[in-house]
Every structure is written in structure tokens, then in C-alpha cells.
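Hydrogens, waters and symmetry mates play no part in the numbers below; they use all other heavy atoms, side chains included. Throughout, a chain's letter reflects where its sequence line sits, starting with A, and its residues are numbered from 1. Given the structure is predicted, the values throughout are model-derived calculations rather than measurements.
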Number of protein chains: 2
Amino acid sequence: MATIREVSKHANVSVATVSRVVNGNKWVSDSTREKVLAAMKELGYQPNSFAKALATNKSDTVGMVVSDLGGPFFGDMMRAAEDEVRKLGKHLIITSGHDTLDSEQDAIEFLMQRRVDALLLHLDSIPDEDIIKLSDTANIPIILMNRLIPELPDQCISLDNDMGGYLATQHLIELGHTNIACITGPLFKADARSRLAGYRRAIEQAGMEYDERLVIESDYQEAGGKASIERLRRRNMRFTGVVAQNDHMAIGAMNALKMHGLSVPDDVSVVGYDDMVMARYTEPGLTTVNIPVAQFGQQAANLALSRLGEKTGKIFQHFQPELVVRGSSGPAPK
Amino acid sequence: MATIREVSKHANVSVATVSRVVNGNKWVSDSTREKVLAAMKELGYQPNSFAKALATNKSDTVGMVVSDLGGPFFGDMMRAAEDEVRKLGKHLIITSGHDTLDSEQDAIEFLMQRRVDALLLHLDSIPDEDIIKLSDTANIPIILMNRLIPELPDQCISLDNDMGGYLATQHLIELGHTNIACITGPLFKADARSRLAGYRRAIEQAGMEYDERLVIESDYQEAGGKASIERLRRRNMRFTGVVAQNDHMAIGAMNALKMHGLSVPDDVSVVGYDDMVMARYTEPGLTTVNIPVAQFGQQAANLALSRLGEKTGKIFQHFQPELVVRGSSGPAPK
DNA sequence: AGGTTTAATGTAACCGGTTACAGTGAGCTT
DNA sequence: AAGCTCACTGTAACCGGTTACATTAAACCT
């Protein structure tokens with residue numbers, strides 16, 4: 001692999017001149033530039049990115065941590081972020097946090113050691129304080145995706161989860177439902193708490209009473225959704241609507257309801273959250289709340305790049321969810 | 001950020017000694033090691049990976065090119081590959097080839113410039129010859145995923161697509177179907193051709209005649225599956241079974257059949273290929289051919305690592321698909 | 001005691017770029 | 001013609017590690 005010095009010998013110029021040509025510095029005469037370009041082409045010269053990074057202390061690399069490299073949710077986010085980053089000739093290094101505290105910390109350390117220029121983080125387990133500390137000590141832009149940390153408002157790309165919970169619940173209320181259950185994610189997660197708050201707000205605003213017995217804390221898994229229906233039945237709670245805090249649980253709930261001979265949506269309406277691919281394919285199609293996942297990735301990347309002074313333009317940081325109505329929700333039975 | 005020289009001053013030793021401690025070289029006395037470790041901790045020393053890469057000409061990084069960062073197919077592959085790579089303290093850099101020739105070449109060039117230690121490639125558009133050339137010139141391991149290049153058999157992780165096509169078709173034959181249509185992917189792609197060959201083999205082996213009019217070349221998209229059913233009907237072909245070469249097209253086909261008032265599987269049986277997540281959620285569940293996607297990623301990573309001499313053990317390179325029977329296939333109607 | 005081995009450590013060149021600074025010569029001013 | 005710009009180019013230090021080789025001192029022969 002040819003080095004800059006070989007190129008400089010070949011073209012009869014100094015290394016500084018070659019470097020100038022490579023980096024588009026204007027203080028090079030046309031004839032010299034030609035010579036250098038010819039030599040570069042002849043030797044198949046490719047600059048060594050490590051040497052460059054070492055000398056400039058910049059890696060032209062953006063790091064991203066996601067909870068899970070699989071999963072359609074993150075796929076769209078990664079794709080969108082990579083598009084933005086590569087437009088500027090930079091790389092995206094993606095690592096997985098595997099949804100555990102250790103692994104998330106490990107992933108961040110990994111990327112910091114790689115001296116990424118910025119960090120796009122989707123974290124589930126690391127608490128706010130640690131992120132704030134990281135943001136203070138690391139002297140690179142740190143962007144949080146799908147999370148709102150009050151102390152770092154201008155580094156967050158977030159969704160109004162309260163509004164999402166509200167929309168889902170309000171939809172069922174409008175359809176005439178008066179007994180609406182809620183299956184939540186783990187309530188130590190902020191998004192689950194916000195969605196629940198939105199549910200409660202809708203209930204109370206409609207003049208109904210918030211009944212804790214209709215709320216089941218679950219785990220964001222399909223099996224959890226199923227189990228939640230069983231728990232509701234064992235509590236002898238009457239309900240004609242179910243707001244699940246994600247699509248997995250909603251699908252589990254639908255299956256459990258069917259298994260008990262109940263029809264969705266004739267007997268019970270079900271609303272999900274996330275609008276994952278399968279929501280379109282269930283029978284009936286799942287009414288759910290859409291999250292602009294690709295936007296998260298895109299705007300997070302743009303926010304980071306603008307922090308680095310490499311990009312200008314408006315950046316949207318706070319997104320509103322939208323209700324997607326399909327077949328799983330209908331008028332309340334008489 | 002502390003450098004190795006600062007640490008060496010702090011511990012009253014030379015840089016060489018610090019380097020030895022960091023890299024676990026045994027020619028260091030216990031007392032010195034203690035001193036150095038203490039100094040490292042005190043200064044919060046983190047080795048600069050670029051300096052290391054520059055000096056050793058190794059990046060501890062494996063590059064991966066996938067067609068699409070979204071899509072459940074690649075998610076599982078990436079996750080499995082990352083797991084393996086990180087077990088050895090290395091990084092996976094993933095870039096997207098976006099399913100186009102230019103973009104795939106670009107992604108490879110990107111990664112080569114980053115001096116990755118090995119390359120895991122899932123390529124759709126780059127022809128065999130170019131890959132062979134790349135493999136010859138690049139002096140790092142190049143591993144192909146889900147592709148079999150005859151000239152590079154020991155660098156390929158592949159699936160027996162012929163067998164997959166055969167299994168799907170044979171399944172319908174066993175159920176008594178005698179008129180079985182096939183909806184293929186773009187036939188310039190090798191996997192589509194192999195799957196079609198398997199279809200034909202099953203048909204002919206059962207003593208039936210291969211009828212070109214029952215074969216529709218499509219595009220691996222849901223809309224394409226739908227359109228293919230329309231074309232079959234316009235051709236006035238009678239069929240009670242459909243073998244689609246991926247799940248997207250199978251789902252499109254199912255929807256089209258339903259739209260024409262036909263029941264799946266009572267009137268027409270449908271078999272897909274890939275066993276994507278949604279195959280479980282359609283109504284009825286989609287009978288399909290499973291691809292061990294995670295295995296691809298895992299074994300590709302292991303193959304690369306073993307080529308680098310960093311790992312030993314058996315590696316599986318050639319996989320057999322398996323039929324997953326769900327509700328979309330049933331006995332042929334009388 | 002002198003020579004040899006062995007363990008532990010240090011010195012300095014090197015990896016391949018960037019860039020501050022110095023230097024050169026042509027063209028322009030006065 | 002001397003002085004001054006200005007455009008262009010070169011020299012060499014530097015980024016932060018690795019590692020071949022030199023050095024040192026203690027231990028172990030015979």
C-alpha cells in the first residue's frame with residue numbers, strides 16, 4: 001500500500017504538497033496538482049485513515065449505540081442515521097447495548113476508545129445522571145434518541161409519549177368505550193411511565209375514574225401481553241378496550257382474547273404502540289401509535305453533525321406520535 | 001486525555017514498560033506492573049486506538065456490508081456477527097450497500113480505507129468476477145454471506161437454495177397438489193435461479209411436467225406477489241398451490257387471492273421463503289422455508305476470525321434450509 | 001572469580017499522515 | 001535596482017502508540 005512519501009517521491013514534490021492536494025488546499029499550482037494526482041492514481045494511493053486520525057485527532061466517525069441490532073425499530077433508525085452521516089463522507093459505527101446496563105456502558109466505552117467524533121445513543125438501562133456525567137466529561141457531542149433528559153434538552157431527540165398514550169386512549173373513548181384496560185411496559189422505564197400518564201390524562205379528562213385495577217405492568221413482550229389479559233380476567237375486571245404500550249404486547253393480548261372466544265374488535269378493541277411491521281399483517285390489522293423512527297435516526301445524526309459544525313439547517317428534536325387506525329379497534333359493544 | 005508518555009512519567013518507568021503492561025507482556029515485574037496500573041487508573045488512561053492501529057497495522061475491526069440496515073433479515077445477521085466479533089474485543093463496522101452496484105462498491109472502498117482486518121460481505125449487485133478480483137488484491141480475509149462463488153468455496157457461507165425451492169414444492173406435492181405455480185425473484189440473482197431449479201426438480205421428480213406458464217418472474221416485493229397472481233389469472237392458468245420465493249411476495253399473493261374470494265389454504269395453498277417475523281402473524285400463518293440467518297452472521301464472523309488466526313474450531317459454511325409448516329398450506333381441494 | 005544465562009527495563013526508530021514555519025522566485029512598485 | 005508582495009513549495013516536528021535492540025543487574029554455573 002503506497003504511502004504519502006512514495007507519492008511525493010514519484011511526483012517530485014514534498015509530502016506537504018501531496019497532503020495539500022489530497023485535502024483540496026488551494027495553494028497548489030495546477031501543474032503540480034496534475035503531477036500529484038497522476039502519481040496517486042499510478043500508485044493506487046489510499047490515505048491511511050489512522051495516520052490521519054492520529055494527526056488531526058478527528059476520526060470522521062460517528063458512533064451509535066442501539067439496544068438491539070435486530071428488531072425493525074432500530075433498523076430504520078440506523079439506516080436513516082447512516083444515510084445522513086455518509087452524505088458527509090463519514091462513517092457510522094454501530095454497536096449493540098443488548099438492553100443491559102453493563103453492555104450499554106461497555107458499548108459506549110468501546111466507541112469512546114475509538115475516538116468517535118460524536119455519539120448517538122439509544123439507551124434503556126443507563127440512568128440519567130450517568131448520561132449527564134458522560135456528556136460533561138466527554139468533549140464530543142452526545143445525542144440521545146427516543147429519550148428526554150431534562151438537564152440536556154438540546155441533545156435529545158424525543159417523542160411525546162404522554163401524547164401517544166393519550167391518543168390511543170382517547171381513540172377508544174371516542175368509540176364509546178368506558179372500561180379501558182392498560183398494559184404497560186416496565187415502569188422503571190421513562191417511556192412506559194409517560195405513556196401511562198397519557199392514558200390517565202385521557203381517562204380523567206373524559207370524566208371517568210382512573211382505576212388502578214385496570215392497569216397491568218408488563219414487560220414489552222408478546223408473552224407478557226398474553227399474561228396480562230389473564231391477570232385482568234382473574235381480577236374479574238370488565239373491559240371492552242385495551243391500550244397496550246407496545247405492539248408485541250398488543251398482539252399477545254389479541255391472541256389471548258381470541259383464545260377465550262372473544263372477538264377483536266367486536267367484543268374487545270385493542271390498540272398497540274410503535275407501528276411495527278407486523279401490525280399491518282395481523283388479523284385484524286392492529287390499530288396503533290406510530291413512532292417516526294427514521295426521523296429519530298436522521299435528526300440525531302444531523303444534530304450531531306451540526307454540533308460538529310459540519311452541517312447547518314433546521315433540526316427537529318421533538319416529535320409527535322400519530323394514531324394509525326386499523327381493524328383491531330371498533331365501537332364499544334352495547 | 002492522558003498519553004502513554006504521561007503514564008510512564010507518572011509511574012517512573014519507560015513507555016515501553018507501560019506498553020508491556022497494557023498488552024499483558026509477561027516480562028514485567030509484579031511491582032512495576034502495580035505502579036503502572038496505579039498510574040493508569042489515576043490518569044484515566046485510555047490507549048489511543050489510532051496510534052495503535054498505525055503502529056501495528058491492525059485495526060481490530062471487522063467490516064460488514066449488508067444490503068439494507070433495516071429489514072429483519074440483516075438485523076439477526078448483524079447481531080450474531082457482532083456478538084462473535086466483540087467476544088474477541090474487536091469492533092464490527094457495518095455499512096449499507098443499498099442494493100445497488102455503486103453503493104456496494106462504495107461501501108467496500110469505505111471499509112478498505114478504514115483498514116478493517118476482515119470483510120464480511122452480503123452483496124447483491126457486484127458480480128462474481130469483481131469479488132474474486134477484490135479477494136485477490138486485498139490482503140485480508142473476505143467472507144461472502146448467503147452466496148456461493150465456485151472459485152472461492154472456502155470463503156463463502158451459503159444456503160442450499162436449490163434444496164429450499166425443492167422442499168417448498170415437495171411439501172405441496174405431498175399434500176396432493178398437481179398444479180403449482182412459482183413466483184420467483186429477479187432471475188439475474190443467483191439465489192432466485194437456484195430456488196427455481198429446486199422447484200423444477202421437485203415437479204419433474206414427481207412425474208409432472210414443468211410448465212413455464214406457471215412461473216412468474218417478479219421482484220421480491222409484496223406488490224410483485226400480488227401482481228403475479230393477477231398475471232396467472234390472466235393467463236387462465238389453473239393452480240391450487242403457489243410457491244413464492246420470499247415471504248413478501250407470498251403475503252402479497254395471499255392478499256390477492258383473498259381479494260378474489262379464494263380461501264387460503266382451502267382453495268389455494270401458499271408457501272413462502274425466508275421465515276421473516278411477519279410470517280408468524282399473518283392469517284393464516286405462512287408456511288415458509290427457514291433461513292438460518294443468525295448462523296450466517298455467526299459463522300461468517302468465525303470464519304474471518306479463524307483466517308486471522310484469532311480463533312480455532314469448526315466452522316459451518318454450508319447450510320440446509322428447513323420447512324416451517326403453518327396454516328397457509330393444506331390438502332389440495334378435490 | 002569470571003563467564004554465562006536470564007529477567008527486567010530503557011532508548012529510539014518507526015508507522016503515515018498534518019501543519020507551522022521557513023524559504024524561493026516571479027512580478028510589481030517606486 | 002532595491003524592496004515588497006504574493007503564490008507556491010519544502011522541511012521537520014508532531015500525533016501516540018509498538019517493538020527491535022541495547023543495557024543492566026542478579027543468579028547460576030564450573
*Asks:* For DNA chain C, find the residues of residues 16-26 of chain B with a heavy-atom distance under 4.0 Å and give them by number; none if there aren't any.
*Replies:* B:Ala16, B:Thr17, B:Arg20

*Asks:* Establish, yes or no, whether the cationic atom of B:Arg115 lies under 6.0 Å from the six-membered ring centre of A:Phe50 and within 45° of the ring axis.
*Replies:*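 The answer is no, since B:Arg115 fails at least one limit relative to A:Phe50.
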
*Asks:* Base, sugar-phosphate alone, or nothing: which one does B:Asn12 contact when heavy atoms must sit under 4.0 Å apart?
*Replies:*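 Counting heavy atoms under 4.0 Å across all strands, the contact made by B:Asn12 is with sugar-phosphate only.
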
*Asks:* Below 3.5 Å is the cut-off: list the nitrogen or oxygen pairs between protein and nucleotides 23-25 of chain C, distance only.
*Replies:*
none

*Asks:* The side chain of A:Ala55 is closest to which nucleotide in this list: D:dG17, D:dG10, C:dG16?
*Replies:*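 So the side chain of A:Ala55 is nearest to C:dG16.
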
*Asks:* Is there a side-chain contact between B:Ile126 and B:Ile108 in this structure, where contact means two heavy atoms from C-beta onward sitting under 4.5 Å apart?
*Replies:* yes

*Asks:* Is it the case that over 12 heavy atoms from other parts of the model lie below 6.0 angstrom from the CG atom of B:Asp154?
*Replies:* yes

*Asks:* Given D:dG17, C:dG16, D:dT9, which nucleotide is nearest the side-chain atoms of A:Trp27?
*Replies:*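 Per side-chain heavy atoms of A:Trp27, the pick is D:dT9.
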
*Asks:* Can you work out whether A:Val13 or B:Asn48 has the more 5'-proximal nearest nucleotide on DNA chain D?
*Replies:* A:Val13

*Asks:* Taking the nucleotide of DNA chain C with the nearest heavy atom to each, does B:Thr56 or B:Asp30 sit closer to the 5' end?
*Replies:* B:Asp30

*Asks:* Name the orientation class of the two ring planes belonging to A:His91 and B:Phe110 (parallel below 30°, tilted from 30 to 60°, perpendicular beyond 60°).
*Replies:* tilted

*Asks:* Below the 4.0 Å mark, does C:dT9 have OP1 or OP2 next to a side-chain nitrogen or oxygen of B:Ser29?
*Replies:*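 Checking C:dT9 against B:Ser29, a side-chain N or O does come within under 4.0 Å of OP1 or OP2.
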
*Asks:* Verify the contact: side-chain N or O of B:Thr3 to OP1 or OP2 of D:dG16, cut-off strictly under 4.0 Å; return yes or no.
*Replies:*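 No, B:Thr3 has no side-chain N/O under 4.0 Å of OP1/OP2 on D:dG16.
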
*Asks:* Please compare B:Val15 and A:Gln46 by the position of their nearest nucleotide in DNA chain C and report the one closer to 5'.
*Replies:* B:Val15

